[in-house]
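Please read all numbers here as calculations on a predicted model, not as lab measurements. Heavy atoms only: backbone and side chains are in, while hydrogens, waters and symmetry mates are out.
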Amino acid sequence: MSKHLLETHIQIQPLPPRSHTFLFPTQLQTLHSRNSFTIKKSSFCLSLCNKKKSSFSFSHASVVRSSVTRGVNEVEEDKQLVVKKAYPFLEIEPKWQRYWEENRTFRTPDEIDTSKPKFYVLDMFPYPSGAGLHVGHPLGYTATDILARFKRMRGYNVLHPMGWDAFGLPAEQYAIQTGTHPNITTFRNINSFRSQLKSLGFSYDWDREFSTIEPEYYKWTQWIFLQLLKRGLAYQAEVPVNWCPALGTVLANEEVIDGVSERGGHPVTRKPMRQWMLKITAYADRLLEDLDDLDWPESVKDMQRNWIGRSEGAEMEFYVLDSDGQERNIKITVFTTRPDTIFGATYLVVAPEHTLLPSLVSMAQSKYVEEYIDLASRKSDLERTELQKEKTGVFSGCYARNPANGEAIPIWVADYVLGSYGTGAIMAVPAHDTRDYEFALKYDIPIRWVVTPEDKSLTDSRSAFPGQGLIINSSNSMLGLDINGLSSKEAASKVIEWADRTGNGKKKVNYKLRDWLFARQRYWGEPIPVIFLDETGETIPLPETELPLTLPELDDFTPTGTGEPPLSKAVSWVKTMDPSSGKPATRETSTMPQWAGSCWYYLRFMDPSNSKELVDKEKERYWSPVDVYVGGAEHAVLHLLYSRFWHKVLYDIGVVSTKEPFQCVINQGIILGEVQYMAFRDSDGNFISADSADMLGEAIQERIPEEKVVKSGDSFVLKDNPKIRLVARAHKMSKSRGNVVNPDDVVSEYGADSLRLYEMFMGPLRDSKTWNTSGIEGVHRFLGRTWRLIAGSPSPDGTFRDGTVAIDEEPTLEQLRSLHKCIAKVTDEIEGTRFNTGISAMMEFINAAYKWDKHPRSIFEAFVLLLSPYAPHMAEELWLRLGHSTSLAYEPFPKADPAYLKDSTIVLPVQINGKTRGTIQVEEACTEEDAFKLASKDEKLSKYLAGKSIKKRIYVPGKILNVILDRENIKVGAR
């Protein structure tokens, strides 16, 4: 029978969300233990966790996994197959998940002892997509769960909630395609996500769960908007949007690819439209300055600094000239960070959308400028400012006067200048700016050098010199400006002083940061709580007592075709009355962007049921700020910046007590799909090495299974032909690549604890890592070893007896030292979020414990508590078996005793008849007898001592052990 043992698992009930049902002429009957099964002939319904991959695996070489999908009826009628597991996780994990849910184990009560320290650990709000989780998602969730469990056991009040950022474009697009209301699909997806998260044993306080689509929540999102409006931080302006005439709708930036719509590939243009804006620029300096005190990755802080883009310089005035070279009553204001180079400005560039452009263009050039403006309107800002792209432009037919030297310089129109940045115009200094240099070369515009580097080796007339140095060619006595011979810094100050004195400019601080476009022409978003009086068009904010303004039910979510948002179709909702005056009015039909609801959700988790205010002041004072905030680096700028902006506004109006929302931010790395090995064949079908394929260019790629690959040095080669080098790549998980690993499948085959442990063991939390199924098998074996060490070995039928093998005896000094070293290491590594090395320490402890003859209960209890943040299901079950009747979730986390951390062992040489044959590790105070016993058990030394007659022993404590054998033994050994 042992040849046909099934080593893993059959899942019968309940059916998993992705299960597929098959009928087999067999029946599964439970044996005496719940940990093993026998299969007998009869008819039953078997649930398999994935139709492509059975959840069976067989130890016997002749039996393979695919045999299950071929039918269990191939098994002989009277033969019984015993299903065994490394440990009974299929029983343990659902059991403890039910316990935690029924007992609300991780609920953080509203009334807490505020004298205790607090720990607020938060995952970035997930969007519940229809695709569900893949194994990359639990990486950050597992890290925060370990921290939450650890802090609870350290006596902290822990807030560890979960909710859903549920408004957004994907749900609306799906609604348009299928006719299913986004409310239906969103709640269905939320239920699926919640089920998956619960199956992984995360210790969230589910009593605090909410989603951004609930009116009780977005009432307060609308309330925040009204506060912004009151303070002049929300306003309307004409701004360019992505307009698709064929689809008849405004598109988000992510829906536009290379100037065409993602859906249908239709041309997209930039069209001005009246939109709501939030004045985030009013907080630019505070957003910049307060970054210094945050415990965030420097890369994230630098990204925010660059996005805000504070730069000091000057605004300079260039008067436009008429056809006779006389100054017109029109001037172009430019912002420059290099006023020291003004004598080198040989042309101006204005953005295609510059408001003065119509008044600048000559009759001869108007046709060409109009064509260029149309082309530029089809490009996104990102495409226009791409450094590597070829620069394009058109001459306006008009000139302006350089205020420093009085020269007439041409005005060009070019899309590499944006109307939204600075003044929408630049003075171009081609000798000292790379983009201007490329443009000047292309259009044969003069290049004048005005800065010479102090290091003469950097001088190269074939490229721009953008650095600082000494000023040359920069003097005009008639206009009273001479900066020759000054350093760039000194020259800049002198130019600004001159410009301010003569009315040609002034000192200016500028920001790359733009005000936040806060409206979407979509249905699935928070309604904006304002109305417009029909008679005057005046904007009237809704009274706060009218909140929430709920979304109307719509059967038709499709775009209107006119640019009007879909909400305009809800005529009875749109047409309303002003509550104050009773005058007829029209509601705003644009909705808020998806960012709105996720800007402040961390506050609502502190007080999720409060209907009277956004958050109770006492609760906010206790819980703020979020101590640890974990999420992907893709949110480094927009989400975090918008949240900080709203938080500072709330701070200014007294809603919150801290200047910043998140004290510590951690970006977890990406989990890439399994490594794919690619070989190449030439036109004759023969394998060629990857080096040759690079030269051939037309080689045919072929994916090679991992079992046919071996590593050779730093490369991978074909096992059957080591001369053929392969290309090994790992890609981000995506459906299109077919490399997505579903956590449901992993949990069903290895258990949630194995998945949690593996994701933490793969490498440092912040690094990107590659998924490898053989790796999870390794940590699964570790958990199996841990289970057998404490619960005992299974009986021949695969069952485990109740209780443990622990004994009620005092631990030895060796055991205490091993335990406390493990405690110290695991504690330090959790606090430092170095979870992988914490797991290594536990593995070392288990290896050491397997060598002990006896296992005291106190040692096992402490280790189970150490394991519990990582593998909570197994830890809870072992804790129960060790004689405890309640959950370990709030048991004190073990503390390392410094007395056991001192290393008092030494390496003792062992001689046999005066010749050194090996060494043993002993305590400094080790006796001769103990030293001899250790030597006798040593694998290398025992062959010299086993069965031998000993004449005498010479022992010098801490120095040497010399064992003298009888002469007879020596002769026997010699023969």
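For the pair Ser942 (side chain) and Glu939 (backbone), a donor-acceptor distance under 3.5 Å is present. No donor-acceptor pair closer than 3.5 Å links the side chain of Asn836 to the backbone N or O of Met762. In this structure, Ser195 contributes its side chain and Asn191 its backbone to no donor-acceptor pair below 3.5 Å. When atom types are taken as modelled, the side chain of Glu877 and the backbone of Phe89 share no donor-acceptor pair closer than 3.5 angstrom.
The distance from the OG atom of Ser818 to the CG atom of Leu813 is 11.0 Å, given to the nearest 0.5 Å. Distance check, rounded to the nearest 0.5 Å: CG of Leu882 to CG of Leu888 gives 10.0 Å. Taken from OH in Tyr750 to CG in Asp745, the straight-line distance is 11.0 Å, to the nearest 0.5 Å. Rounding to the nearest 0.5 angstrom, the gap separating the CD atom in Gln921 from the CG atom in Asp938 is 11.5 Å. Taken from CG in Leu133 to CG in Leu197, the straight-line distance is 5.5 Å, to the nearest 0.5 Å. The CD atom of Glu749 sits 13.0 Å away from atom CG of Asp744, with the distance rounded to the nearest 0.5 Å.
Heavy atoms of other residues, nucleotides or ligands lying less than 6.0 angstrom from CD of Glu810 number 12 at most. In this structure, Glu702 places its CD atom where more than 12 heavy-atom neighbours from other residues, nucleotides or ligands lie under 6.0 Å away. Within a 6.0 Å sphere centred on OH of Tyr99, heavy atoms belonging to other residues, nucleotides or ligands number more than 12.
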Would you check, one step at a time, whether the test ring-ring contact (aromatic ring centres under 6.0 Å, His included) holds for Tyr204 with Phe106?
CA-CA 6 Å; Tyr204 294 123; Phe106 307 113; 9.5 Å; no
side-chain hydrogen bond (donor to acceptor under 3.5 Å, both in side chains) for Asn103 and Thr105? Distances and angles first, verdict last.
CA-CA 5 Å; Asn103 290 275; Thr105 303; 5.2 Å; no
I would like to know whether Arg834 and Asp828 meet salt bridge (Lys or Arg N to Asp or Glu O under 4.0 Å); could you show each step before the answer?
CA-CA 8 Å; Arg834 298 178 296 269; Asp828 287 347; over 6 Å; no
Report the C-alpha distance between Glu831 and Arg154 in whole Å, list the side-chain angles of each, state the deciding distance to 0.1 Å, and finish with yes or no for side chain to side chain contact (heavy atoms under 4.5 Å, CB included).
CA-CA 11 Å; Glu831 289 179 336; Arg154 296 294 292 266; 3.5 Å; yes
Under the criterion side chain to side chain contact (heavy atoms under 4.5 Å, CB included), I'd like the reasoning laid out for Ile906 against Val922: C-alpha separation, chi angles, the key distance, then a yes or no.
CA-CA 6 Å; Ile906 59 171; Val922 300; 3.7 Å; yes
Please test Val717 against Ile724 for side chain to side chain contact (heavy atoms under 4.5 Å, CB included), starting from the C-alpha separation and ending with a verdict.
CA-CA 5 Å; Val717 298; Ile724 302 300; 5.9 Å; no
May I have the step-by-step check of side chain to side chain contact (heavy atoms under 4.5 Å, CB included) for Val910 and Thr919, ending in yes or no?
CA-CA 5 Å; Val910 179; Thr919 60; 6.0 Å; no
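Between Lys95 and Glu91 there is no salt bridge, since no side-chain N of the basic residue sits under 4.0 Å from a carboxylate O of the acidic one. A salt bridge is absent between Glu891 and Arg152; no separation between the charged side-chain nitrogens and carboxylate oxygens falls under 4.0 Å.
Inspection of the Glu759 and Thr142 side chains reveals no N or O donor paired with an N or O acceptor under 3.5 Å. Side chains of Ser868 and Glu876: no donor on one and acceptor on the other come within 3.5 Å. Judged purely by distance below 3.5 Å, without hydrogens or angles, the side chains of Thr812 and Arg817 never pair a donor atom with an acceptor atom.
The closest side-chain heavy-atom distance from Glu861 to His884 is below 4.5 Å. Using a 4.5 Å heavy-atom cutoff, the side chains of Gln196 and Asn742 are in contact. No side-chain heavy atom of Leu934 sits less than 4.5 Å from a side-chain heavy atom of Lys937. The side-chain heavy atoms of Met162 and Asp123, taken from C-beta on, include a pair separated by under 4.5 Å. Side-chain contact between Ile704 and Phe716 is absent, with no heavy atoms from C-beta onward closer than 4.5 Å. Using a 4.5 Å heavy-atom threshold, the side chains of His160 and Thr144 count as touching. Side chains of Thr833 and Ile830 form no contact here, defined as non-hydrogen atoms less than 4.5 Å apart. Residues Phe845 and Ile859 have side chains in contact (heavy-atom distance under 4.5 Å, counting atoms from C-beta outward).
Taking each heavy atom of Ser748 and Leu90 in turn, the nearest pair found is O-CD2, 4.1 Å. Scanning all heavy atoms of the two residues, the minimum distance from Leu901 to Ala896 falls at CD1-CB, 4.3 Å. For the residue pair Lys769 and Leu765, the shortest heavy atom distance occurs at NZ-O, 3.3 Å. Closest heavy-atom contact between Leu819 and Phe863: CD1-N, 4.2 Å. Across all their heavy atoms, Ala791 and Arg881 have their closest contact at CB-NH1, 3.9 Å. In terms of heavy atoms, Val158 sits closest to Ala148 at CG2-O, 3.8 Å.
Note that Arg785 lies in the cation-pi zone of Tyr850, set by a 6.0 Å cut-off to the ring centre and a 45° limit from the axis. For the pair Arg149 and Trp100, the cation-pi test (distance below 6.0 Å, angle within 45°) is passed.
Between Trp852 and His855, the angle of the ring planes lies from 30° to 60°, which puts this pair in the tilted group. Ring orientation note: the planes of Tyr87 and His780 are tilted relative to one another, at an angle of 30° to 60°. Using cut-offs of 30° and 60° for the angle between ring planes, the Trp787 and Phe800 rings count as perpendicular.
Under the rule for a side chain to side chain donor-acceptor pair (under 3.5 Å), Lys821 has no partner lying at least two apart in sequence or in another chain.
Sequence neighbours left out, not one pair with a member in residues 710-721 passes side chain to side chain donor-acceptor pair (under 3.5 Å).
Taking the ring centroids of His873 and Trp96, they lie at or beyond the 6.0 Å cut-off.
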